Amino acid sequence: MSAKPLLDIYLCAPRGFCAGVDRAIQIVDLALKKYGAPVYVRHEIVHNKYVVDGLRAKGAVFVEELSEIPAGTEAPVIFSAHGVAKSVPEEARHRNMFYLDATCPLVTKVHVEAQRHAEEGRDIVLIGHKGHPEVIGTMGQLPPGKITLVETVADAETFAPRDPANLALVTQTTLSVDDTSAIVMVLKSRFPEIAVPHKEDICYATTNRQEAVKAVAPKVDAMIVVGAPNSSNSMRLVEVGERAGCRVSVLVQRASDIDWDQLEGVTSIGITAGASAPEALVEEVIDAFAERFAVQVEMVSTADENIAFNIPRVLRELEAASGHVA
Ligand code: 0O3
Ligand code: SF4
């Protein structure tokens, strides 16, 4: 039997779960423990099939709209990490539902910013991707017409506000740092008075994962991003790998997705994972490479992360008992 070919694997750090995802999954887990099954979850708690299937197996029931939940249920409903329009908790209250909000605090911060700008009389530009649940949730913080979605540089060049002197900018948290700064530049040059966030709305986790891919991409033939096709932050990592010059930059949901023909002849790869992808799937991917190659794994770390968010008070006692760190 011939020896396995050598393969250098550079493991990007940070990668995988962010504090908002960790908190959202914990909320579903602890709610199942406290209230028992079923616990309803509006939308995938985070965009990852493995996570969703795991929680479903424990008794979570995933729905897209509250209208799918039977009338009169006493089971709690949890809103996903991506956030919801104001109409969603309103509907829950109207139906006397007990809800828990797993919206990431960094998404809520954007909601609060948008509301503050509106109260101060500004119209708002939201940079984001149409149809994404976070964009639907952020736009739904204010009445229709107050927030205009800008997706591209071309949109920014043609955007015609009602009052160019009274504008504010907010963004989706999981965007490409580079694409967003190009859009912001156009908006700032056209509307010099536009109020922009002190610090980017693109969150620390998105920024750090993109930075790590930028550091690894020049060293490798291929970048493997573990994540889901509907995960915005994961898809942005694939683009960062492509733009940094990787011959192959691809998303895999798990090891069975790897296209070995596409990787013919590679001698080095980078591996990262989106903010909603569990480390178990990264390990599965590394193991799959180790079956075919003689692998040498090296970690490339570009930032330390030690952020954690509190979970809702009603679940805190259980959290302490289960040993989770808040
Ligand atoms: O927003 P995105 O599609 O990247 O969502 P994921 O993959 O579930 O990751 C978590 C990010 C999030 C909840 C919003 O910032
Ligand atoms: Fe929160 Fe950022 Fe994670 Fe989104 S990617 S859940 S904003 S920490």
Side-chain angles (χ1 to χ4, degrees), residues 14-28 41-55 60 62 64 78-85 88 100-114 126-141 149 151 170-177 179-180 197 199-213 225-240 251-254 272-279 281-282 303-311:
R15 66 176 176 283
F17 279 9
C18 59
V21 163
D22 201 50
R23 171 180 181 269
I25 296 172
Q26 249 190 78
I27 290 175
V28 181
V41 184
R42 186 188 178 280
H43 191 68
E44 290 190 343
I45 186 74
V46 298
H47 292 148
N48 189 274
K49 183 173 173 345
Y50 180 91
V51 170
V52 167
D53 287 348
L55 293 170
F62 290 86
E64 280 308 307
I78 298 170
F79 305 149
S80 82
H82 316 92
V84 290
V88 175
L100 292 162
D101 190 355
T103 304
C104 175
L106 299 182
V107 174
T108 303
K109 185 172 145 254
V110 178
H111 293 180
V112 172
E113 268 172 49
L126 167 66
I127 304 178
H129 298 292
K130 190 172 182 189
H132 188 281
E134 184 181 330
V135 163
I136 294 169
T138 301
M139 295 194 74
Q141 297 307 305
L149 182 65
E151 293 190 84
V170 297
T171 81
Q172 195 177 331
T173 56
T174 51
L175 299 178
S176 150
V177 170
D179 287 351
T180 307
K199 228 182 139 264
E200 283 285 349
D201 291 325
I202 298 176
C203 77
Y204 79 95
T206 300
T207 308
N208 289 347
R209 279 151 193 67
Q210 290 178 18
E211 278 304 309
V213 169
V225 179
V226 181
N230 60 337
S231 165
S232 166
N233 80 86
S234 306
M235 294 312 292
R236 303 295 79 78
L237 295 175
V238 175
E239 290 168 3
V240 171
L251 183 89
V252 299
Q253 302 207 51
R254 51 191 312 170
T272 186
S276 46
E279 188 63 11
L281 297 180
V282 173
D304 287 328
E305 287 182 352
N306 45 22
I307 294 179
F309 297 125
N310 283 333
I311 57 157

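By convention here, the first residue in the shown sequence is residue 1. What you are looking at is a predicted structure, and each value in this text was computed from that prediction instead of being measured. One-based numbering, in listed order, for ligands and for the atoms of each.
Ligand-side atoms of ligand 2 in range of Cys203: 2 (Fe), 5 (S), 7 (S), 8 (S), range being under 4.0 angstrom from any heavy atom. The distance from ligand 2 to the heavy atoms of Tyr204 drops below 4.0 Å at these ligand atoms: 8 (S). Every atom of ligand 1 with a heavy atom of Asn230 under 4.0 Å away is listed here by number and element: 3 (O).
Using cut-offs of 30° and 60° for the angle between ring planes, the His47 and His82 rings count as parallel.
Among the atoms of Cys18, no N, O or S atom is found under 2.8 Å from atom 2 (Fe) of ligand 2.
Using a 4.0 Å cut-off between charged side-chain N and carboxylate O, Glu44 and Lys49 make no salt bridge.
Here atom 3 (O) of ligand 1 lies nearest to Ser232 when heavy atoms of Ser232, Gly274, Ser234 are compared. Of the candidates Ala81, Ala24, Ala102, Cys104, the one placing a heavy atom closest to atom 6 (S) of ligand 2 is Cys104. Looking at His47, His132, Glu44, it is His132 that brings a heavy atom closest to atom 1 (O) of ligand 1.
Side-chain atoms of Arg15 never come within 3.5 Å of backbone atoms of Arg209 as a donor-acceptor pair (strictly under, hydrogens ignored).
Checked against a 3.5 angstrom limit, the closest N/O atoms of Gln172 and ligand 1 fall outside it.
Under 4.0 angstrom from ligand 1, the non-hydrogen atoms of Val46 come from both its backbone and its side chain.
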